Amino acid sequence: MIGVISHSSKEYVALAQLHSPVPRERLEEVVKEFTGRIYQKPPVRSSVKRVLRIKEVYKIEILEYEGTFALMRVDCQHGTYVRKLIHDIGEVLGVGAHMRELRRIRTGPFREDTSIRMHELSEAVYLYREEGREDMLRRAILPQEYIVSHLPKVVVFDGAAAAITYGADLAVPGISLLSEGIRRGELVAVFTLKGELVALAEALMSTEEILASSKGMAFKTKRVILERGVYPKTWKKKEA
Amino acid sequence: MSEGVKFLIELDRFAGIERRYVVKKEGSTDPSFGKPPTARTIEELLKYGVINLDKPPGPTSHEVVAWVKNLLGIPKAGHGGTLEQP
């Protein structure tokens, strides 16, 4: 399930150093050219094949610009190399640039402002073990459902949840409620009415199409998370 | 609004996304099966939970995962993101 996270968008704060100063307007202009779909060749020292790839940069914001130092916030598709992005911005500026520092501030739904530090986790474990206090540890260890918190959601009846754990796809009658605006092909998270994650699935119908239908396959099951047997089977076996 | 739906809205809030929901068909869930994620025990959370941990610079993700496993006394743990090594 961790794949959902590694394949989600990322946000960084990066410190770039230009090799010569340029006017801020010029920097803003070039940065704008690097938003949207960009071509990027992974750097020499990288973990993927070095072929030109298309990556999407959703937003670059210059937070501070002083002398030759530019502090920027980059919101981008997974697999975008920020070091390379800065190098390439330097090339287009004509002065050259390199990355001095990098901090990831968001991975999918997990933002820096909701993160905990190692010493806080250590303290939470101590309070739980030595004093039997659960509150801090409960704030530290979140239910697995948070991993898919950024995805559109579909809530199903108990019987449909059981069927999905046996590999079934999700048909319209099994759906109780769903997020607005789901498009065909989109990855969604399927939940029980109690809020338990059942599976990850791909939409075969849009929200509007589902609302307008009384039958048909609505979601193709991609990955089952809920264990079998948590909800009982409600369908009958075919007579032999 | 059911507890389950409240929890989903809490997930959306956590992710910083506001989503609207549409009801296809009202229904209820049998309380004798399953349970809300918020009712899980610490042991259950340790088995299938997630920590949004702020990794300091210095130790590798691999080292931090080993530290977390040891701290929590759990056999399995993974991580969802590695930054390139500078």
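Reminder, nothing fancy here: chain letters follow the sequence lines and each chain counts from 1. Note: hydrogens, waters and symmetry copies are ignored here, and every other heavy atom, side chains too, is used. Keep in mind that what you see is a predicted model, and the values were worked out from it rather than measured.
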Only pairs of heavy atoms separated by less than 4.5 Å count here; which of [options] has the most with chain B?
{"options": "A:V155, A:V230, A:I116", "value": "A:I116"}
{"options": "A:G108, A:S179, A:G229, A:S46", "value": "A:S179"}
{"options": "A:K153, A:E227, A:E101", "value": "A:K153"}
{"options": "A:V125, A:I147, A:L178", "value": "A:L178"}
{"options": "A:S122, A:P109, A:S115, A:G3", "value": "A:S115"}
{"options": "A:L151, A:V172, A:V4, A:I225", "value": "A:L151"}

**Message:** Run the side-chain hydrogen bond (donor to acceptor under 3.5 Å, both in side chains) test on A:E196 and A:Y231 for me, step by step, so that the C-alpha distance in whole Å, both residues' side-chain angles and the decisive distance to 0.1 Å come before the verdict.
**Reply:** CA-CA 11 Å; A:E196 302 148 294; A:Y231 286 88; 2.5 Å; yes
Salt bridge check, [Y] against [X]: does any charged N sit closer than 4.0 Å to a carboxylate O?
{"X": "A:E112", "Y": "A:R103", "value": "yes"}
{"X": "B:R13", "Y": "B:E10", "value": "yes"}
{"X": "A:E209", "Y": "A:R184", "value": "yes"}

**For chain A, the option from B:P31, B:G34, B:A39 that forms the most heavy-atom pairs under 4.5 Å** = B:G34
**Asked** Counting heavy-atom pairs under 4.5 Å to chain A, which of B:D30, B:I17, B:V68 comes out on top?
**Response** B:D30
**Prompt:** Looking at CE of A:M205 and CD1 of A:I182, how far apart are the two atoms once the value is rounded to the nearest 0.5 Å?
**Reply:**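 Answer for the CE-CD1 pair, A:M205 versus A:I182, is 12.5 Å.
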**Request:** First locate atom NZ of A:K194, then atom CZ of B:F33, and finally report the distance between them rounded to the nearest 0.5 Å.
**Result:**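 Spacing of NZ (A:K194) from CZ (B:F33) equals 8.5 Å.
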**Message:** Do B:V22 and A:T207 make a side-chain contact, defined as non-hydrogen atoms from C-beta onward lying under 4.5 Å apart?
**Reply:** yes
**Asked** Do A:M217 and A:L170 have side chains that get closer than 4.5 Å, going by heavy atoms?
**Response**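 The answer is no; the side chains never approach within 4.5 Å.
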Side chain / backbone / both / neither for [X] at chain A, heavy atoms under 4.5 Å:
{"X": "B:K35", "result": "backbone"}
{"X": "B:R19", "result": "side chain"}
{"X": "B:S32", "result": "neither"}

Under 4.5 Å from a heavy atom of chain B, the part of [X] involved:
{"X": "A:R106", "value": "neither"}
{"X": "A:S176", "value": "both"}
{"X": "A:Y146", "value": "both"}
{"X": "A:Y128", "value": "side chain"}

**Asked** chain A contacts: which residues in residues 47-54 of chain B have a non-hydrogen atom closer than 4.5 Å to it?
**Response**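 B:Y48, B:G49, B:V50, B:I51, B:N52, B:L53, B:D54 fall under the 4.5 Å cut-off.
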**Message:** Assess, by modelled atom type and distance only, whether the side chains of A:R53 and A:T80 contain a donor and an acceptor separated by less than 3.5 Å.
**Reply:** no
**Message:** Ignoring hydrogens and geometry beyond distance, is a side-chain donor-acceptor pair present between B:D12 and B:Y21 at under 3.5 Å?
**Reply:** yes
**Request:** Please name all residues satisfying side-chain contact (heavy atoms from CB on, under 4.5 Å) with A:R138, sequence neighbours left out, ordered by chain then number.
**Result:**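 Checked A:R138 against side-chain contact (heavy atoms from CB on, under 4.5 Å); matches are A:E134, B:I42, B:L45.
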**Request:** Tell me, with the steps shown, if A:K220 and A:E202 meet salt bridge (charged side-chain N to carboxylate O under 4.0 Å, His left out).
**Result:** CA-CA 5 Å; A:K220 182 161 184 51; A:E202 186 189 316; over 6 Å; no
**Asked** Do A:F110 and B:F14 make the cut of ring centroids closer than 6.0 angstrom?
**Response**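 Judged by ring-centre distance (under 6.0 Å), A:F110 and B:F14 do meet the cut-off.
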